[in-house]
Amino acid sequence: MEGKRISNNEVVKILEEILAAMEIKSANSFRIRAYQNAVSILDNLTVSIYDLWENKKLQEIPGVGPGIAAHLNELFSTGQVAEFEQAKEDLPEGMFEFLELRGVGAKRAFKLASAFKINSRENARERLLEAGEAGKIRNLEGFGEKTEEKIIDAIKEQKKSKNEKQRMLLTHAEQIVERIKEHMVKCKEVKEVVACGSFRRRNPTVGDLDIPISTTNPEKAIKHFLKFDEILEVVNQGEKKATVILKNDIQVDIYMSTPEAFGSMLQYFTGSKQHNILLRTYALSKGMSLSEYGIKKGGKLKEYANEEDFYKELGLPCIVPELRNGNYEIEAAKENKFPKLITPEDIKGDIHVHTELSDGVNTIEEMVEKAKALGYEYVGITDHAPSVSSRGMGTVLKMVSDTRKKIEEINESQKDIKVLFGYEVNILVDETLGLPDDILKDLDIVIAGIHAAFDQDKGKITARYLAALNNPYVDVLSHPAGRMINERDGTDPDWRKVFDAARESNKILEINAQPDRLDLPDDLIKEAIEWGVKLIINSDAHALEQMDFMKYGVFNARRGWAESKDIVNTLPYKEFVKELGIG
DNA sequence: GCCGTTTTCGGCCCGACTGTTTTCAGTCG
């Protein structure tokens, strides 16, 4: 199928505009909800909607039925949707530029654009800003001085962060959460502080922080929270919740709960939204209604101090946060068919570690000591391979033999840990590898990865991966999706071909644990496992402390439903080397 | 418009906060 490739973000934006149009025209509220539901699912999809369309799998997306699928089909085939264009025809076009402003929804956007006759998208926000600064917004019915001020702020805020606000990395969020916790425990009435939301689900990136607080004195706890010295601005505060913006531009929402009802609070704010919607729908079918305060049964509210009891009431096992993504977890829970997810303690070694011999900062000895401290049975020293073309074969051969000698010495001098020797070699544009087979064949480990020319088309990227997988000396494909979170999208090979080739050649795909890579991504991990592909989690550390990144790789693997049997570096040394065909 | 553990027809998630109102609409999570 040949069509117009439109990104997920663009698709979501188009649907959000249609949603706004429907709301203004008071379309059937259930139809609106169906669209909202579909949009929220599409927005959280990590696979390309366009690709799903190409493979005729649109209707496999939950929330997308024949109607929306037909519209998307038209969108991808022709670049627009006639019905959508029609629905937007008699609306002032400028309003669609207002939807992204904080505190402005469909109704206000429409009123504003209509009142000031802002009929085109061009300069729409600037014109609204002008109207606001001239004090004209406050005179509109339903608006007032404060709303005017908020709209002005929202436009300025948008201008400031022209590119949509980036979500922070999980590791960054962890540090902020730690500081908030440290502050909150100083309040005696605070019993528990748990950061929920995407943070607790171990999403690779976190937007806002949602933090339920278990307390015997909500008033005092909120007051105490507002004294946190990193707060820049209090957006709102009530008796049960408060919203603030921190100096680093991160929004934090706190919610007060009694210890007796803390379980439902945790459940509710851990989400995901989609998980909760599905869970509520399921509960409803059993005559129960869920909220952050508990479960209502026959009009009576019952509270839950912990999440286990909450899920138990629904007849379900407690679903681990990493799986609460609204995919298949509730189905699995109903049948009690959960994988026994891998844990950080299962990891027995790390075979993707760089040293000062390439772009790392520490020596081989230092990295080995750190691996020992982590309790590993083995560690692989796998620097970037020296380039034959720039150094010449003679120099490269000497570097390889020197490094090998050093590693042999380390292995002879101690028995606590086995050190393996290998390289991370580039998969070059011409589909060859960065080192000749003659050198590769004597290495313990060969990790092949793409480090340049990521933006080749699907066919070429796929061919490079297949060539690497067909090399008999390659063991592992590093960071296969090639993404750098917040910096660049991944490469986009034909994953089925890559998975097939990996399985057939008994090669291993890496789950790179660098917080800004987490590559493979979780959805591809799940797919790879289903296709029978073996995986390994590596830190790709370039410094001592980066070896601690392993846990992020494990979190990511858990989000991809991985068990320890799916991850080869959970194997003890003897079985691991057998798996890799070493020795 | 979507979807199925009472359903292929007839339902569809819930509550807090703000600002503008004087009983509530709009927005957000």
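By convention in this document, chain letters (A, B, ...) are assigned in the order of the sequence lines, proteins followed by strands, and residues within each chain are numbered from 1. The figures here come from the full heavy-atom set of this structure, side chains too, leaving out hydrogens, waters and symmetry mates. What you see is a predicted model, and the numbers here were worked out from it, not measured in a lab.
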Enquirer: Could you tell me how far apart A:Met265 (CE) and B:dG29 (C1') are, to the nearest whole angstrom?
Expert: 12 Å
Enquirer: Kindly indicate whether a cation-pi arrangement holds for A:Lys88 with A:Phe96, taking the cut-offs as under 6.0 Å to the six-membered ring centre and within 45° of the axis.
Expert: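 Output yes; distance and angle both within limits.
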Enquirer: Considering just the side-chain nitrogens and oxygens of A:Lys273, establish if one lies under 4.0 Å of OP1 or OP2 belonging to B:dG29.
Expert: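 Result: no.
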Enquirer: Measure the CG-CE distance between A:Leu128 and A:Met95 for me, rounded to the nearest 0.5 Å.
Expert: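 Interatomic distance, A:Leu128 CG to A:Met95 CE, rounded to 0.5 Å: 12.5 Å.
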Enquirer: Please report, rounded to the nearest Å, how far the C1' atom of B:dC28 is from the CZ atom of A:Phe98.
Expert: 20 Å
Enquirer: Measure from the side-chain heavy atoms of A:Ile68 and tell me the nearest of B:dG26, B:dG1, B:dC14.
Expert: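 The answer is B:dG1, which lies nearest to the side chain.
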Enquirer: Does OP1 or OP2 of B:dT18 have a side-chain N or O of A:Thr147 closer than 4.0 Å?
Expert: no
Enquirer: Distance from A:Arg483 atom CZ to A:Asp516 atom CG, nearest 0.5 Å?
Expert: 9.5 Å
Enquirer: Heavy atoms under 4.0 Å, any strand shown: does A:Leu140 hit a base, just sugar-phosphate, or nothing?
Expert: nothing
Enquirer: Regarding A:Tyr268, tell me which of base, sugar-phosphate or nothing describes its non-hydrogen contacts under 4.0 Å with the strands shown.
Expert: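 Base, at least one base atom sits under 4.0 Å.
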Enquirer: Is a side-chain donor-acceptor pair under 3.5 Å present for A:Asn203 with A:Arg559?
Expert: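 The answer is yes; a qualifying pair exists.
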Enquirer: Does A:Arg202 count as lying over the ring of A:Phe199, i.e. NZ or CZ under 6.0 Å from the six-ring centre, within 45 degrees of the axis?
Expert: yes
Enquirer: Please tell me which of the listed nucleotides, B:dC17, B:dG1, B:dG29, lies nearest to the side chain of A:His71?
Expert: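 Selected nucleotide: B:dG1.
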Enquirer: If you check the A:Asp210 side chain, which of B:dC2, B:dG1, B:dG29 turns out closest?
Expert: B:dG29
Enquirer: Can you tell me how far C1' in B:dT7 sits from the matching atom in B:dC12, rounded to whole Å?
Expert: 13 Å
Enquirer: In whole Å, measure the gap between the P atoms of B:dT18 and B:dG11 for me.
Expert: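 Result for the P pair: 37 Å, nearest Å.
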Enquirer: State whether a side-chain donor-acceptor pair under 3.5 Å links A:Gln267 with A:Asn276.
Expert: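 A donor-acceptor contact under 3.5 Å links the two side chains.
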Enquirer: In whole Å, what separates the P atom of B:dA25 from that of B:dT21?
Expert: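 After rounding to an integer number of Å, I get 13 Å for this pair.
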Enquirer: If you measure from the C1' atom in B:dC2 to the same atom in B:dT8, how many Å do you get, rounded?
Expert: 12 Å
Enquirer: Determine the Euclidean distance between corresponding P atoms of B:dT27 and B:dT20; express it in Å to zero decimal places.
Expert: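 That atom pair is separated by 13 Å.
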Enquirer: Starting from C1' on B:dG1, measure out to CG on A:Leu58 and report it in whole angstrom.
Expert: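 Distance, rounded to whole Å: 15 Å.
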Enquirer: What's the CD-C1' distance between A:Gln36 and B:dG26, to the nearest Å?
Expert: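 Distance check: A:Gln36 CD to B:dG26 C1' gives 13 Å.
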Enquirer: For a quick check of understanding: with a heavy-atom distance under 4.0 Å over all strands, which category does A:Thr243 fall into, base, sugar-phosphate or nothing?
Expert: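 Nothing: the residue A:Thr243, judged by heavy atoms under 4.0 Å, touches no strand.
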Enquirer: Grab the CG-P distance between A:Asn236 and B:dA16 for me, whole Å please.
Expert: 13 Å
Enquirer: Please report the distance, rounded to the nearest Å, between CG in A:Asp208 and P in B:dG29.
Expert: 6 Å
Enquirer: At their closest point, which heavy atom of A:Leu226 faces which heavy atom of A:Val244, and how far apart are they?
Expert: CD2-CG1, 3.8 Å
Enquirer: When you compare the protein's N or O atoms with those of nucleotides 5-12 of chain B, which come within less than 3.5 Å of each other, and at what distance?
Expert:
{"residue": "B:dT6", "atom": "OP1", "partner": "A:Ser285", "partner atom": "O", "Å": "3.3"}

Enquirer: Both A:Gly67 and A:Lys111 contact DNA chain B. Taking the nearest nucleotide for each, which residue is further toward the 5' end?
Expert: A:Gly67
Enquirer: For DNA chain B, whose closest nucleotide is more 5', that of A:Gly238 or that of A:Ala34?
Expert: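 It is A:Ala34, whose closest nucleotide lies nearer the 5' terminus.
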Enquirer: When rounded to the nearest Å, what value does the distance between C1' atoms of B:dG15 and B:dG10 take?
Expert: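 After rounding to an integer number of Å, I get 26 Å for this pair.
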Enquirer: Looking at A:Lys150, does any N or O in its side chain come under 4.0 Å of the phosphate oxygens OP1/OP2 on B:dT20?
Expert: no
Enquirer: What residues, two or more places apart in sequence or in another chain, satisfy ring-ring contact (aromatic ring centres under 6.0 Å, His included) together with A:Phe269?
Expert: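 Counting only residues at least two positions away or on another chain, A:Phe269 forms a ring-ring contact (aromatic ring centres under 6.0 Å, His included) with A:Tyr255.
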Enquirer: Which part of the nucleic acid does A:Ile32 contact within heavy-atom distance under 4.0 Å: base, sugar-phosphate only, or nothing?
Expert: nothing
Enquirer: Categorize A:Ala38 for me: base, sugar-phosphate, or nothing, with a 4.0 angstrom heavy-atom threshold over every strand shown.
Expert: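 Nothing, no nucleic acid heavy atom in range.
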Enquirer: For A:Ile61 and B:dC3, what is the distance between atoms CD1 and P respectively, to the nearest whole Å?
Expert: 11 Å
Enquirer: May I have the distance from A:Met95 (atom CE) to B:dG26 (atom C1'), rounded to whole angstrom?
Expert: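 One finds 14 Å between C1' of B:dG26 and CE of A:Met95, rounded.
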Enquirer: Describe, in one word, how the ring planes of A:His183 and A:Phe228 are oriented to each other, choosing from parallel (under 30°), tilted (30 to 60°) and perpendicular (over 60°).
Expert: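 The arrangement is tilted - the two ring planes meet at 30° to 60°.
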Enquirer: Please determine whether a side-chain nitrogen or oxygen atom of A:Lys241 lies at a distance below 4.0 Å from atom OP1 or OP2 of B:dA16.
Expert: no
Enquirer: Taking pairing as Watson-Crick or G-U wobble with both contacts under 3.5 Å, can you name the mate of B:dT8, or confirm there isn't one?
Expert: none
